[in-house]
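Report on the structure given below.
Computed from heavy atoms alone, side chains included, the values below leave out hydrogens, waters and symmetry copies. Within every chain, numbering begins at 1; the chains are lettered A, B, ... in the order of the sequence lines, protein sequences first and strands thereafter. These numbers were taken from a predicted model, which means no experiment stands behind them.
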Amino acid sequence: MRLFPWPKGLKRTLFTCKDRESVSKIHAFMIVSGLFSDKTCNGQLVATYGRMGEIEWARKVFDKLPQRGIDAWNAMIIACSRKGCQAEVMDLYHEMILEGVRPDSSTFTVALKACASLSDLETGEEIWHQAVECGYECDVFVGSSFLNLYAKCGKMEEALSVFNKMPRRDLVSWTTMVTGFAQSGHAHEAINFYRMMRGEKMEGDGVVMLGLIQACANLGDAKMGLSIHGYMIRREIHMDVVVQTSLVDMYAKTGHLDLASRVFNKMRYRNVISWSALISGCAQNGFAGDALELLIKMQSFGFKPDLVSLVSALLACSQVGFLKLGRSIHGYIVRRLDFERVSGTAVIDMYSKCGSLSCARALFDRISSRDSISWNAIISSYGIHGQGKEAISLFLQMMNTNLKPDHATFTSLLSALSHSGLVEEGRYWFDLMVCEFKIQPREKHYACMVDLLARAGRVEEARDLINAMTSEPGIAVWVALLSGCQNHRKSLIGEMAASKVLELNPDDPGIYALVSNFFATARRWDQVAGVRKVMKQIGIKKVPGYSVVEVSGKLTAFIMEDKSHPQYEQIVGILEKLEKEMRAMGYIPKTELVLHDLAEEVKVRMLSYHSERLAIAFGLLNTAPGTRLLITKNLRVCGDCHEATKFISKIVDREIVVRDVKRFHHFKDGICSCGDYW
DNA sequence: GTAGGGTTAG
C-alpha cells in the first residue's frame with residue numbers, strides 16, 4: 001500500500017510535519033520503501049529536519065544517504081547556515097566539490113554568506129570565481145552575497161565596483177551597500193546610497209532603514225534619526241524587535257535617553273539585546289544607577305543577562321566605584337559564561353577604576369590570549385593610578401608580542417606619563433609615535449601632551465605645541481592648557497585659553513566652572529562675577545560636586561555641606577575632632593582654594609565640609625578600623641582636601657583611596673601616591 | 001521559491 005501519492009505528496013507531507021516524531025515515521029517508511037536511496041527524495045528529508053532546527057538528525061540522515069544529490073547537500077548546508085555554524089558550511093562546501101557535485105545558486109549564496117561572517121575574503125573570492133564559471137555571474141542572490149562579503153570585510157571600494165557591475169539590483173543589494181557604508185563608518189555615503197535607491201523608485205523596508213538608523217547613531221545625528229523614525233511611522237513600515245532595538249540604541253548613543261526609554265517601553269516584544277541596548281545606553285551616558293536597576297529589572301522579566309549587558313553593568317560599576325557589585329558581576333560571569341578577552345578587559349577596567357589595581361593586574365596576567373584592547377586597558381589602569389613607569393614597562397612588554405600599538409595604546413601611554421609628570425618620556429614617546437609608528441596624532445594625543453607640559457609648568461611649550469598642530473585644536477587641548485595656566489598662574493596664556501574654551505563650548509557648565517576658577521585663582525573677582533553673570537543670563541547651572549563612598553556593599557553620596565544625612569551630627573563630630581589633630585600636626589587650611597570672595601573663617605568652614613570629607617567621615621564612622629576606604633568624586637579633588645586626606649590617613653591609620661574625575665589618589669601614612677603631582 | 005541584506009559591548 002502506498003502512503004503517499006509520490007513524490008509530490010511526500011514533499012507536501014514532510015512540509016506539514018510539525019515535530020520530529022512525525023518526520024521520523026516518514027523517515028522509517030522511506031527506508032522500508034527504498035525511497036531513502038532516491039536522491040530527488042532524500043534531500044527533502046534532510047531539509048525537513050534542518051527546517052526544524054534538528055541539525056543533529058539532519059546530519060545523521062545526511063551521513064547515511066547512499067546517494068547525495070544537490071538537494072541533500074544544499075539542505076545540509078542551509079541547515080548549518082541557519083544554526084550559525086559557518087565553519088561547517090565551508091567544510092561541507094569543500095566536501096561537496098570534492099565529491100564532484102556541482103553547486104547551484106543556493107549553494108554559492110550560502111557559502112558566500114559563511115565567508116562573509118568568517119571575514120574570509122580569500123575563500124570568498126575563490127567561491128565567486130567558481131560561481132562565475134558555473135554561470136551565476138548575473139544571479140542577483142549570488143551577486144548580493146558577494147557584495148556582502150566585501151562589505152563585511154570593510155572593503156567598500158571593492159563592494160562598490162561589484163555593485164556597479166551588477167546587471168540587476170534588488171532591495172537586498174541596495175541594503176547591503178547602505179548597511180556596509182553605515183557599519184564601516186561612512187555614514188554620509190550610507191545616506192547617499194539610500195537616496196539613490198529611492199531615486200530608482202525602490203521602496204525601503206525595515207532592514208534598510210535600520211542601516212540608516214545606524215548611520216545616524218554613528219554621526220550622532222538624532223535629528224535625522226528622529227525623522228527616519230517618523231518616516232517609518234508615516235509609511236507604516238513594519239518595525240520588528242530588531243529595528244526597534246536599533247532605534248533604542250540610536251537614541252541612547254545620541255544622548256537622548258528619554259526617547260530611547262520611550263521606544264523601549266512601547267515595544268511589544270523585547271529580547272536580551274533590546275534590554276542590553278538600553279542598559280548600555282544608560283551606562284554610556286553616565287546613568288550608572290539606571291543601568292544597574294535595569295539589569296535587575298530585566299531578570300524580573302525573565303531575561304538572563306548576557307555578556308553585553310553584564311559588561312555594560314561593569315561599566316556602570318566602574319563609573320561610580322561600586323567595587324562590591326562589580327566583584328559579584330565578575331563572579332557571575334565566571335560561573336555562568338565563558339570568561340575570556342571581551343569580558344576580561346571590562347573586568348580589568350572595573351577593578352582598576354574601583355581602586356583595585358592589583359586585582360586588575362592579576363586578571364590581566366591570567367588572560368590567555370591578550371589583544372591590544374586588554375593591553376590598552378592595563379596600561380591606562382597604571383596611568384590613572386599614577387604609575388607611569390610601570391605603564392612604560394607594560395608598553396615595552398606589549399612591543400615584544402606581535403601586537404602593534406595603535407592610537408588608543410598611545411593615548412593610554414601618554415596619559416599615564418602625564419599623570420606621573422614624566423615630561424621627557426612623554427616627548428620621547430610622542431615623537432616615536434609619529435616618526436616610528438607613523439601614527440597621526442589625534443586630538444586626544446595632543447590633549448595628553450598639552451596636559452603633560454602645562455601641568456609641569458611648561459605652559460609656553462604647550463602653547464607652541466598647539467600652534468604647531470596640523471588639525472584645528474579642539475576643546476580638550478584648550479582645557480588642558482587652561483588648567484595648567486591656573487595651576488602655574490599664567491594669566492596671559494590662560495586668558496587666551498579661557499576665551500577659546502568659551503567660544504568652543506558655550507553651553508557646557510563644566511567649562512564655565514573652569515574659567516571661573518581660573519579667574520578666582522588669580523583673585524580677579526570682577527572677571528569671576530562676569531562669568532557668573534553670563535551663566536545666569538543663558539541659564540547654565542554649575543554641576544554640584546559630590547562624593548560617593550561604598551560602605552557595607554552600599555553606595556552613599558554626599559554633596560557639600562549636606563545636612564540631610566541621618567548621621568550628620570556624628571559626621572561633623574568626627575571632622576571636628578580630626579581637624580584639631582590635623583592642626584596640631586601642622587595642617588593649615590588652603591583658603592586660597594576657596595574660589596569665592598568671602599571672609600577667611602567662612603572659607604575654612606566651607607573647606608571642612610567639602611563632599612569628600614563628609615564621605616570620608618561617614619566611611620570612618622561605619623567601617624571597622626583598618627578598612628580601606630574608597631571615595632569617588634565627580635570633579636577633580638580639591639587641593640585642600642588632598643592635603644587634609646593625607647593627614648587623616650595618618651591619624652586614623654587607614655588607606656584612603658580617592659578617585660576623582662581624572663585619576664586615583666592612594667593616601668597612606670600621611671602621603672599620597674601621586675606625590676602631590678596632579 | 002528553499003537562498004542573500006539587520007540589533008547590544010570593549
Side-chain angles (χ1 to χ4, degrees), chain A residues 11 14-15 43-44 46-48 50-51 70-71 74-75 77-79 81-82 89 103-114 116-117 136 139-149 151-152 159 169-180 182-183 197 204-214 217 239-250 252-253 260 264 267 270-281 283-284 291 298 305-316 318 340-350 371-374 376-377 408:
Chain A
K11 189 172 172 182
L14 275 169
F15 201 78
Q44 291 301 328
V46 180
T48 307
R51 239 191 335 263
I70 180 69
D71 289 341
N74 278 351
I77 292 177
I78 290 162
S81 173
R82 282 207 181 150
V89 170
D104 69 0
S105 164
S106 311
T107 330
F108 285 124
T109 302
V110 181
L112 283 168
K113 178 189 173 162
S117 43
Y136 291 106
D139 185 299
V140 68
F141 273 72
V142 179
S144 296
S145 306
F146 187 45
L147 199 60
N148 183 46
L149 172 73
K152 279 281 144 26
R169 301 166 193 129
D170 64 6
L171 181 59
V172 175
S173 332
W174 281 98
T175 308
T176 307
M177 292 305 285
V178 171
T179 310
Q183 294 185 342
M197 181 193 114
D205 67 356
V207 183
V208 71
M209 300 317 262
L210 185 139
L212 294 176
I213 294 166
Q214 286 179 327
M239 287 185 257
D240 63 10
V241 56
V242 179
V243 175
Q244 287 176 318
T245 300
S246 77
L247 282 169
V248 171
D249 177 58
M250 181 273 296
K253 282 209 177 104
F264 181 82
M267 286 172 73
R270 302 182 191 116
N271 57 26
V272 182
I273 300 177
S274 346
W275 283 94
S276 302
L278 190 61
I279 291 174
S280 102
Q284 302 280 322
M298 81 181 273
D306 64 348
L307 203 55
V308 178
S309 40
L310 291 167
V311 164
S312 303
L314 282 172
L315 179 68
S318 311
E340 247 317 296
R341 265 207 307 278
V342 179
S343 55
T345 305
V347 180
I348 287 173
D349 200 58
M350 182 279 294
D371 61 4
S372 56
I373 299 173
S374 26
N376 294 352

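Here the nucleotide nearest the side chain of Lys253(A), chosen from dG6(B), dA3(B), dA9(B), is dA9(B). Which of dG6(B), dA9(B), dG5(B) sits closest to the side chain of Thr176(A) comes down to dG5(B). Side chain of Ala277(A), nearest nucleotide from dT8(B), dG4(B), dG10(B): dT8(B). In the set dT2(B), dT8(B), dG6(B), the nucleotide with an atom closest to the side chain of Ser280(A) is dT8(B). With distances taken from any side-chain atom of Val172(A) to the nucleotides dT8(B), dG4(B), dG6(B), the minimum falls on dG4(B). Residue Ser246(A) has its side chain nearest to dT7(B) when only dG4(B), dT7(B), dA9(B) are considered. Minimum atom distance to the side chain of Thr345(A) is reached by dG10(B), of the listed dG10(B), dA3(B), dG4(B). Checking dG10(B), dG6(B), dG5(B) against the side-chain heavy atoms of Val208(A) singles out dG5(B) as nearest. Of all nucleotides listed (dT7(B), dG5(B), dG10(B)), dG5(B) comes nearest to the side chain of Val207(A). Nearest nucleotide to the Ile78(A) side chain, out of dA3(B), dA9(B), dG6(B): dA3(B).
Residue Arg82(A) is classed as a sugar-phosphate contact, given heavy-atom separations below 4.0 Å to backbone atoms only. Within 4.0 Å (heavy atoms only), Val140(A) reaches at least one base atom of the nucleic acid. Among the heavy atoms of the strands, none lies under 4.0 Å from Asp104(A). Among the heavy atoms of the strands, none lies under 4.0 Å from Val142(A).
Put simply, CG on Leu314(A) is 15 Å from C1' on dT8(B), counting in whole angstrom units. Rounded to whole Å, the distance from CE on Met209(A) to C1' on dT7(B) is 16 Å. Nucleotide dA9(B) holds its C1' atom 18 Å from the CH2 atom of Trp275(A), rounded to whole Å. Atom OH in Tyr136(A) sits roughly 15 Å away from atom C1' in dG4(B) (whole-Å rounding). Distance Asp71(A) CG to dT2(B) C1': 9 Å, rounded to the nearest Å. Between the CE atom of Met197(A) and the C1' atom of dG5(B) there is a distance of 11 Å, rounded to whole Å. For the pair Leu315(A) CG and dT8(B) P, the computed distance is 16 Å after rounding to whole Å. Atom CZ in Phe264(A) sits about 13 Å away from atom C1' in dT7(B), given to the nearest Å.
Contact check for Leu171(A) versus Met197(A): side-chain heavy atoms found under the 4.5 Å cut-off. At a threshold of 4.5 Å between non-hydrogen side-chain atoms, the residues Asp371(A) and Ser374(A) count as touching.
Remark: the Asp349(A) side chain and the dG10(B) base include no donor-acceptor N/O pair separated by less than 3.5 Å. Evaluation of atom-type donor-acceptor distances gives a pair under 3.5 Å for the side chain of Thr175(A) against the base of dG5(B). Counting atom types as modelled, Asn376(A) pairs no side-chain N or O with a base atom of dG10(B) as donor and acceptor under 3.5 Å. The base of dG5(B) sits within donor-acceptor range of the side chain of Asp205(A), with an N or O pair under 3.5 Å. Checked by distance alone, Thr109(A) brings no side-chain donor or acceptor within 3.5 Å of a matching partner on the base of dG4(B).
Between dT7(B) and Arg270(A), no contact under 4.0 Å exists linking OP1 or OP2 to a side-chain N or O. For Ser105(A), no side-chain nitrogen or oxygen approaches OP1 or OP2 of dA3(B) to under 4.0 Å. Put simply, Gln284(A) has no side-chain N or O that comes within less than 4.0 Å of OP1 or OP2 on dT8(B). For the OP1/OP2 pair of dG5(B) and a distance below 4.0 Å, the side-chain nitrogens and oxygens of Gln183(A) include no atom meeting the criterion. Of the side-chain N and O atoms in Asn148(A), none sit less than 4.0 angstrom from OP1 or OP2 of dG4(B). Residue Lys113(A) places none of its side-chain N or O atoms closer than 4.0 Å to OP1 or OP2 of dG6(B). Listed pair Gln244(A) / dT7(B) fails the phosphate criterion, with no side-chain N or O lying under 4.0 Å from OP1 or OP2.
Lys113(A) meets the salt bridge (charged side-chain N to carboxylate O under 4.0 Å, His left out) test with no other residue; sequence neighbours excluded.
Remark: Asp249(A) CG to Leu210(A) CG distance equals 9.0 Å, nearest 0.5 Å. Here CD1 of Ile77(A) is found 7.0 Å from CD1 of Ile70(A). Values are rounded to the nearest 0.5 Å.
In plain terms, the two heavy atoms of Ala291(A) and Ile279(A) that are nearest each other are CB-O, 3.8 Å. Here the shortest heavy-atom pairing between Ser144(A) and Ser173(A) reads OG-OG, 3.0 Å. Summarising the geometry of Arg169(A) relative to Val140(A), their closest heavy-atom pair is CA-CG2, 4.4 Å, with the distance given to 0.1 Å.
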